[in-house]
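What follows is a single structure, written as structure tokens, with notes after it.
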Amino acid sequence: MIRLFKVKEKQRETAENAKENGLVKKQSAGELRLHRDISELNMPEECKISFPNGKDDLMDFEITITPYRGYYMGGGFVFSFKVPAVYPHEPPKVKCKTKIYHPNIDLEGNTCLNILREDWKPVLNINTVIYGLYHLFTEPNHEDPLNQEAADLLRDNPKLFGLNVRKSIEGNIWVGGAHFPGCKTGDFY
């Protein structure tokens, strides 16, 4: 019990010193929850997290997914996460920064993942979103498309769909009227 009081006293002293030096920044409930979510991440090995603005800005980060199997094998796909201050009551805003030929991701990077829209619940976390995104690469869904052309091709001619995906990953190619600069894994690591 005595140790507990010493720890609390030390924390209070540290906080007062920081306040005197103007270093105190109170974290919102969303930041605290996000900090916990990130510290408990258990991502697939094909996923990596980075903080382009430094680790002090947890509310904006990126996830890179490099699938080892499926149509998207060999590609590297970067998603930006913008987490609102009211997280987890609102989902993070997620955008694909890599131009990709995918039925559930449009050419502007908007991502069709139900847990980022109508199925979001505060009990969900960042790990759940990352697994959802990863699942889009292992099992693309033609039934809920943002890119209708890609969805139709996946449904009607999976072999040609796979060829278009490969071309878009290799890069410097036009597929379905859109230019794809490429996103081979070697471009990221």
Side-chain angles (χ1 to χ4, degrees), residues 33-55 57-83 87-88 91-117 119-121 123-147 150-151 153-155 158-173 175 178 180-189:
R33 166 65 189 274
L34 181 61
H35 188 278
R36 188 184 84 201
D37 283 2
I38 289 175
S39 70
E40 295 174 354
L41 277 178
N42 183 20
M43 300 184 293
E45 67 178 83
E46 295 97 328
C47 299
K48 304 281 185 246
I49 189 168
S50 62
F51 300 90
N53 302 327
K55 288 198 177 195
D57 185 6
L58 289 182
M59 304 303 268
D60 293 313
F61 60 94
E62 293 179 350
I63 296 291
T64 302
I65 300 175
T66 55
Y68 295 164
R69 60 186 170 92
Y71 290 114
Y72 296 92
M73 180 175 63
F77 309 97
V78 179
F79 290 85
S80 65
F81 281 64
K82 304 251 183 264
V83 182
Y87 175 80
K93 305 290 183 232
V94 177
K95 202 136 177 116
C96 185
K97 294 175 68 174
T98 308
K99 195 167 188 180
I100 178 175
Y101 187 77
H102 196 292
N104 310 111
I105 302 170
D106 69 17
L107 298 175
E108 286 77 44
N110 299 309
T111 305
C112 185
L113 188 61
N114 63 332
I115 61 172
L116 292 175
R117 300 180 326 229
D119 290 340
W120 177 259
K121 293 175 180 36
V123 297
L124 298 176
N125 59 29
I126 296 300
N127 209 56
T128 308
V129 174
I130 293 169
Y131 269 93
L133 293 171
Y134 176 71
H135 187 71
L136 289 179
F137 291 99
T138 59
E139 297 291 330
N141 178 7
H142 64 80
E143 294 176 6
D144 189 20
L146 280 180
N147 181 337
L153 199 54
L154 174 61
R155 181 190 65 232
K159 196 171 190 169
L160 184 54
F161 171 80
L163 182 62
N164 283 350
V165 169
R166 294 278 16 115
K167 287 179 183 177
S168 72
I169 289 171
E170 292 298 321
N172 204 20
I173 192 89
V175 177
F180 292 87
C183 58
K184 290 185 288 196
T185 304
D187 295 343
F188 291 96
Y189 298 104

Residue pair Phe137, Ile105: steps toward the side-chain contact (heavy atoms from CB on, under 4.5 Å) verdict: CA-CA 10 Å; Phe137 291 99; Ile105 302 170; 4.2 Å; yes
Results of ring-ring contact (aromatic ring centres under 6.0 Å, His included) for Tyr71 - residues two or more places apart only: Phe161
Leu136 and Tyr72: CA distance, side-chain angles, deciding distance, side-chain contact (heavy atoms from CB on, under 4.5 Å) verdict: CA-CA 10 Å; Leu136 289 179; Tyr72 296 92; over 6 Å; no
Residues passing the side-chain hydrogen bond (donor to acceptor under 3.5 Å, both in side chains) test with Thr128, sequence neighbours excluded, are Asn125
Those residues at least two apart in sequence (or on a different chain) that pass salt bridge (Lys or Arg N to Asp or Glu O under 4.0 Å) with Asp119 are none
Nearest-0.5 Å distance, CZ of residue Phe77 to OG1 of residue Thr66: 9.0 Å
Quick check: do Ser80 and Asp60 have side-chain heavy atoms less than 4.5 Å from each other? no
How many angstroms lie between atom CG of Leu146 and atom OG1 of Thr111, to the nearest 0.5 angstrom? 7.5 Å
By ring-ring contact (aromatic ring centres under 6.0 Å, His included), which residues pair with Tyr134, not counting sequence neighbours? none
Does some side-chain heavy atom of Val129 sit less than 4.5 Å from a side-chain heavy atom of Pro91? no
What residues form a salt bridge (Lys or Arg N to Asp or Glu O under 4.0 Å) with Arg69, not counting sequence neighbours? none
I want to check something: taking the side chain as every heavy atom from C-beta on, are Tyr87 and Ile126 in contact at a cut-off of under 4.5 Å? yes
Which residues share a salt bridge (Lys or Arg N to Asp or Glu O under 4.0 Å) with Asp37, sequence neighbours left out: Arg33
Under 3.5 Å donor-acceptor, Thr64 side chain and Lys48 backbone: no
Sequence neighbours excluded, the answer for side-chain hydrogen bond (donor to acceptor under 3.5 Å, both in side chains) partners of Asn127 is none
Are side-chain heavy atoms of Phe51 and Leu58 found at a separation under 4.5 Å? yes
Checking Lys95 now: which residues fulfil salt bridge (Lys or Arg N to Asp or Glu O under 4.0 Å) with it, not counting sequence neighbours? none
Residue set satisfying side-chain contact (heavy atoms from CB on, under 4.5 Å) with Pro145, at least two apart, ordered chain then number -> Gln148, Ala151
Can you tell if the side chain of Cys112 reaches within under 4.5 Å of the side chain of Arg117, non-hydrogen atoms only? yes
Which atom of Met43 lies closest to which atom of Cys47, heavy atoms considered: CE-O, 3.7 Å
By ring-ring contact (aromatic ring centres under 6.0 Å, His included), which residues pair with Phe81, not counting sequence neighbours? Phe61
Heavy atoms of Leu154 and Pro140 approach each other most closely as CD2-O, 3.7 Å
Distance, nearest 0.5 Å, that separates NZ of Lys99 from OG of Ser168: 10.5 Å
Measuring only between side-chain heavy atoms, which start at C-beta, is Ile63 closer than 4.5 Å to Leu133? no
Between atom CD of Glu46 and atom OG1 of Thr185, what is the distance when rounded to the nearest 0.5 Å? 10.5 Å
How long is the gap from CD1 on Ile38 to CD on Glu40, to the nearest 0.5 Å? 11.0 Å
For Leu113 and Trp120: C-alpha separation, side-chain torsions, deciding distance, then whether side-chain contact (heavy atoms from CB on, under 4.5 Å) applies. CA-CA 10 Å; Leu113 188 61; Trp120 177 259; over 6 Å; no
I'd like to check the side-chain contact (heavy atoms from CB on, under 4.5 Å) partners of Arg166; sequence neighbours left out, ordered by chain and number. Ile169, Glu170
Quick one: does Asn147's side chain have a donor or acceptor within less than 3.5 Å of a partner on Tyr101's backbone? no
Which value, rounded to the nearest 0.5 Å, describes the distance between Met59 atom CE and Asn53 atom CG? 12.5 Å
Which residues pass the side-chain hydrogen bond (donor to acceptor under 3.5 Å, both in side chains) test with Arg36, not counting sequence neighbours? none
Would a 4.5 Å heavy-atom cut-off, applied to side chains only, mark Pro92 and Leu116 as touching? yes
